[in-house]
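Along the sequence shown, residues are numbered consecutively beginning with 1.
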Amino acid sequence: MSISISNLSKKYGDQTVLNNINFEIGEGEVVGFLGPNGAGKTTTMKILSGALVYKIGSAKICGMEVNENQLKTSSLVGYLPEQNPIYTDMYVKEYLLFVAETYKLGKAKKHRVEELIDLVGLRPEFHKKIGQLSKGYRQRVGLAQALIPNPKVLILDEPTTGLDPNQLEEIRSLIREIGKNKTVLLSTHIMQEIKAICNRVIVINKGEIVADYSDLSKISAFDENSFSFEVEFAEAVKPGNLEMLENITGVTAITDTHFTIIASGDVRGDIFDFAVKTKNKTLTMKVIERSMEEVFRELTK
């Protein structure tokens, strides 16, 4: 596994920031780390990057415990913090060469920097000082510095915060392209980010993992414990008769033949059987899709 976290906890004084969290991320996955502000996303990412020590549990990068192998794991991780710590008085190329020097790339550093300038689309602006760049181009510089050691794992903490719509799409496209060859853990609280970039989402709230969706289509339909249906019968039905069916927890009448049904299980077969037994017919029966926003609010309220 590229990332493996087991029974990881972290406290600041009496405040528990992470409470016994567990998840694994395999090679080549692009995973959204979703949660409200203060949920524990940044703390987890700092631990994985080696910037923050931990005493309880395990955090591994490519099978190595981060606390015990910080030099080795740091060479495998590219980390872009939420507050991009770049030197605004330096020129783009100058800064990237400086970062490459810290990784002791030797003669390869110039080639690597030129390669990354093209990869992240900095060529039109590489002659400028970083302080002269738009925020979108500054994020490109941040991504380039994170990629200098050619890491196997890329950790991005809120990489699109504050970008305008054009910059947003540019950075998303860039992350999608990079994600073809890297394991990416992307922290965000923005639903559209998950839809646009990720193939899996882990939801954290109040320091605990509350959901892990490897199939994002499940989010837009229904979760395993809550089902919503819209049903239309050929003839009138009393709502009370539907409420008597097992697992149905709520019935809302749109008309005397048309209903919205909430259930704690998949009751479509039961509804069909009900229609047959009462000599009625189901004209339509469909799942009401729930948006990622709705699921997020339910999981983090």
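Counting heavy atoms from C-beta on, the side chains of Leu97 and Lys110 come closer than 4.5 Å. Side-chain contact between Asn22 and Ile209: absent, with no pair of heavy atoms (C-beta onward) separated by less than 4.5 Å. At a threshold of 4.5 Å between non-hydrogen side-chain atoms, the residues Val153 and Leu76 do not count as touching. Using a 4.5 Å cut-off on side-chain heavy atoms (C-beta onward), Val92 and Ile130 make contact. In this structure the side chain of Phe233 reaches within 4.5 angstrom of the side chain of Ile271, judged on heavy atoms. Side-chain contact between Leu48 and Ile61 is present, with heavy atoms from C-beta onward closer than 4.5 Å.
Salt-bridge formation is not detected for the pair Glu235/Lys281: no Lys NZ or Arg NE/NH1/NH2 atom is positioned less than 4.0 Å from an Asp or Glu carboxylate oxygen. One finds a salt bridge joining Glu114 and Arg123 here, because a Lys/Arg side-chain nitrogen approaches an Asp/Glu carboxylate oxygen to under 4.0 Å.
Arg172 pairs by the salt bridge (Lys or Arg N to Asp or Glu O under 4.0 Å) definition with Glu193, not counting sequence neighbours. Legend: residues meeting salt bridge (Lys or Arg N to Asp or Glu O under 4.0 Å) with Asp212, ordered by chain and number and at least two apart, are Arg200.
A 6.0 Å sphere centred on NE2 of His111 holds no more than 12 heavy atoms belonging to other residues, nucleotides or ligands. With a 6.0 Å radius and a threshold of 12 heavy atoms from other residues, nucleotides or ligands, Tyr103 has its OH atom above the threshold. Atom CD of Glu243 has more than 12 neighbouring heavy atoms from other residues, nucleotides or ligands inside a 6.0 Å radius. Within 6.0 Å of atom NZ in Lys60, 12 or fewer heavy atoms from other residues, nucleotides or ligands are found, so the atom counts as exposed in its surroundings.
Aromatic ring pairs are classed by plane angle as parallel below 30°, tilted from 30° to 60° and perpendicular above 60°; the pair Phe33 and Phe23 is tilted.
Considering Cys62, Ser2, Ser75 in turn, Cys62 is the only one that fulfils the side-chain contact (heavy atoms from CB on, under 4.5 Å) rule with Lys152.
Taking CZ of Phe126 as the start and NZ of Lys93 as the end, the distance is 5.5 Å to the nearest 0.5 Å.
Side-chain N/O atoms of Thr160 and Gln139 include no donor and acceptor closer than 3.5 Å. No side-chain donor from either of Ser173 and Glu177 sits under 3.5 Å from a side-chain acceptor of the other. A side-chain donor from one of Lys182 and Asn150 sits under 3.5 Å from a side-chain acceptor of the other.
Placement of Val53 and Tyr79 in two distinct hydrophobic clusters is found when ILVMFWY residues are connected by side-chain heavy-atom separations under 4.5 Å, directly or transitively. At a threshold of 4.5 Å between side-chain heavy atoms, the hydrophobic network of Ile, Leu, Val, Met, Phe, Trp and Tyr places Val267 and Ile254 in two separate groups.
Applying the salt bridge (charged side-chain N to carboxylate O under 4.0 Å, His left out) test to residues at least two apart or on different chains, the pairs with a partner in residues 132-142 are Arg140-Glu170.
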